[in-house]
2 protein chains.
Amino acid sequence: MSNESNVLAQIQSALPRLSKSDRKIAEVVLTDPEAATRASIAHLAQQAGVSEPSVNRFCKRLGATGYPDFKIWLARSLVSGLQYMSQVVDAEDTVDTYPTKLLDNTINALMLARENLPAPAIESAVGHLHAARRIYFFGVGTSAAVARDAEHKFFRFQTSVATHTDPLMLRMLSAGGQADDVFFFISHTGRTQVIVEAAELAATTGATVIAMTDPASPLADASHCVIGLDIPENTEDYLAMTSRIVHLVVIDMLVTGVTLKRGAEGIEHLARMKESLLPTRLPKQKKRRKT
Amino acid sequence: MSNESNVLAQIQSALPRLSKSDRKIAEVVLTDPEAATRASIAHLAQQAGVSEPSVNRFCKRLGATGYPDFKIWLARSLVSGLQYMSQVVDAEDTVDTYPTKLLDNTINALMLARENLPAPAIESAVGHLHAARRIYFFGVGTSAAVARDAEHKFFRFQTSVATHTDPLMLRMLSAGGQADDVFFFISHTGRTQVIVEAAELAATTGATVIAMTDPASPLADASHCVIGLDIPENTEDYLAMTSRIVHLVVIDMLVTGVTLKRGAEGIEHLARMKESLLPTRLPKQKKRRKT
DNA sequence: GATAATTATGTAATTAAATTTCATTCTTTT
DNA sequence: AAAAGAATGAAATTTAATTACATAATTATC
């Protein structure tokens, strides 16, 4: 359970499951972890408005032997400057503040994913994708771009790949699934109707249904293999969907996994692809900064 | 004097100047700093064969307020988990190693971008995009997905947006640019021929040409506004392009910037968009983990 | 919807750890 | 070789963290 590295990510992912005072402590720590490493247990308790033993218990629940030990963990997972609480962009933000906020949120989401990597699910998905005769990547809205990216990457293998966003196409193709087809659905919420329906349909055909989504969602229920990711809630904040970034990196993982599974053959094939791209590039010129 | 960060380097350089017992302490700490962060003052003293006050004085001489503070300094100069060097996936990697490598590379790229944010370029790009009557996002290969994502995001404003990957379309549309059009080109290398040609073409029409690319590239030279990003070179490692992730986050920044520039009107519009998405979702169900 | 069981939290007592004081022992200088 | 100065350790003190216990809040059960 206690992963030792990156207590901050650990706290972040535990946040929704925490009790009232534990959450108060967690928030104080996440807001200014650097300060927390220098504070005494009394000071932190006072900051959070809880008692000292509560802080102590909080530390122990995270796997530390006590408060001083917790501070060491904290110090070790600290990256200078980064904001660990999800930050919301508001009307007061300027070009000096919102870019950093967005970056920090993204970096956080990735660090969280790093802590709770669903390795077994990835492995199983890689197996299915490797064995597939035909692969469909389906996602709508923001996830359509992720699906497109996946298609583009898997296109480099000899497998036949397709992406669609049109509801009718989705439905038709899902209904026509066959034994060695893989349907890969991408949805942050797992509650987008078109996607859920298509997944349910595909599951009845004998094809393999993989979903990258919230594990507690209708889409997950309809799927054979679920890549569940722990992503800080920002469904409502449609401006910057950190989830899609995490999804893209997971796609990278799947492509990498399949390539490795193909062994020499796969790696060689990629080398050839790389070669073929070269003529489309202009020669590299001397570095010369432009303002 | 006291450098706060990197106590280890500090101790190392001070080593020859230290007294007998201080050196004994220093050696124990340097031999296994990780263990030192977990040891009590009594334990460390015993390890070094000195008294507890000696250890305490050692810490103070280094600038810490005392032993516990010193341990925090030590912990902070011990970088946990995250690998800061770009890591290459090789044939020996397994599902337990390559996902983390990919994530670490991505996180690193984002942290790098965070350090060297081209705020002025972003601001200027936001200005152009805000004022534009029509926007084209052009990218091919991996960057096509980024362009698509940008289109999807900017579509939410009233401005007309389009993306194309077909070389002929690119050329035609670029040639037909008008004064209040914005052509936004995305290319990691800035050397993709189709893109460079299209940019040069567009620049002759009086339209504004923005490029998100390597600042020392033909594409940058052809553009009016360059969003130059410092991304670790991994062009050759086509499996996982970290650049596209950074590009996507920059797109988020631009959308955010334009939204903020639009003020109340923009924010309200987004609120309406959010509302309109709700009916496409199925109701949220009780959390129920699926293995 | 009330009651029991469980879990969460705080107060006070305790224990552990780190720090200071002061006496002693080494160095270094003349 | 003697005296000053710095370094070190033993013991006392202080500070901080932890445990034990009582109370409050929550959740489950009937």
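First the proteins, then the strands, lettered A, B, ... as listed; each starts at 1.
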With a 4.5 Å heavy-atom cut-off, do Arg244(A) and Ser143(A) have their side chains touching?
no
Working to the nearest 0.5 angstrom, can you tell me the gap between Leu248(B) CG and Asp149(B) CG?
5.0 Å
Whole angstrom is fine here: how far is it from CD in Gln46(A) over to P in dG10(C)?
13 Å
In whole angstroms, how far is the C1' atom of dT19(C) from the NZ atom of Lys60(B)?
6 Å
Strictly under 4.0 angstrom, non-hydrogen atoms only: write out the protein contact profile of nucleotides 5-10 of chain D, one letter per nucleotide from the 5' end, B, S or -.
---BBB
Distance check, rounded to the nearest 0.5 Å: Tyr67(A) atom OH versus Leu44(A) atom CG?
4.5 Å
Roughly how many Å is it from NZ in Lys71(A) to P in dA18(C), rounded to a whole number?
11 Å
Pairing residues for Tyr98(B) by the ring pair (Phe, Tyr, Trp, His ring centres under 6.0 Å) criterion, not counting sequence neighbours
none
Heavy-atom check, side chain of Asp22(A) versus side chain of Arg57(A), under 4.5 Å
no
Please verify the inter-ring angle class for Tyr136(A) with Phe183(A); under 30° counts as parallel, over 60° as perpendicular, anything in between as tilted.
parallel
Can you tell me the distance, in whole Å, between the CG atom of Leu44(B) and the P atom of dA17(C)?
14 Å
Whole angstroms only, please: what is the CD1-C1' distance between Ile72(B) and dA18(C)?
14 Å
Nucleotide dA17(C), atom P - distance to CG of Asp69(B) in whole Å
19 Å
When rounded to whole Å, the CG to P distance for the pair Asn56(A) and dT14(C) reads 18 Å
Once you round it to whole Å, what is the distance between P of dA17(D) and NE2 of His43(A)?
12 Å
How far does the helix from dG1(C)-dC30(D) to dT30(C)-dA1(D) bend, going by the axes of its first and last five pairs, to the nearest 10°?
30°
Can you confirm whether more than 12 heavy atoms, excluding those of Arg23(A), are under 6.0 Å from its CZ atom?
yes
If only atom types and distance count, is the side chain of Ser124(A) paired as donor or acceptor with the main-chain N or O of Pro120(A) below 3.5 Å?
no
Test item: His188(A) and Leu229(A) side chains (from C-beta on) under 4.5 Å apart, heavy atoms:
no
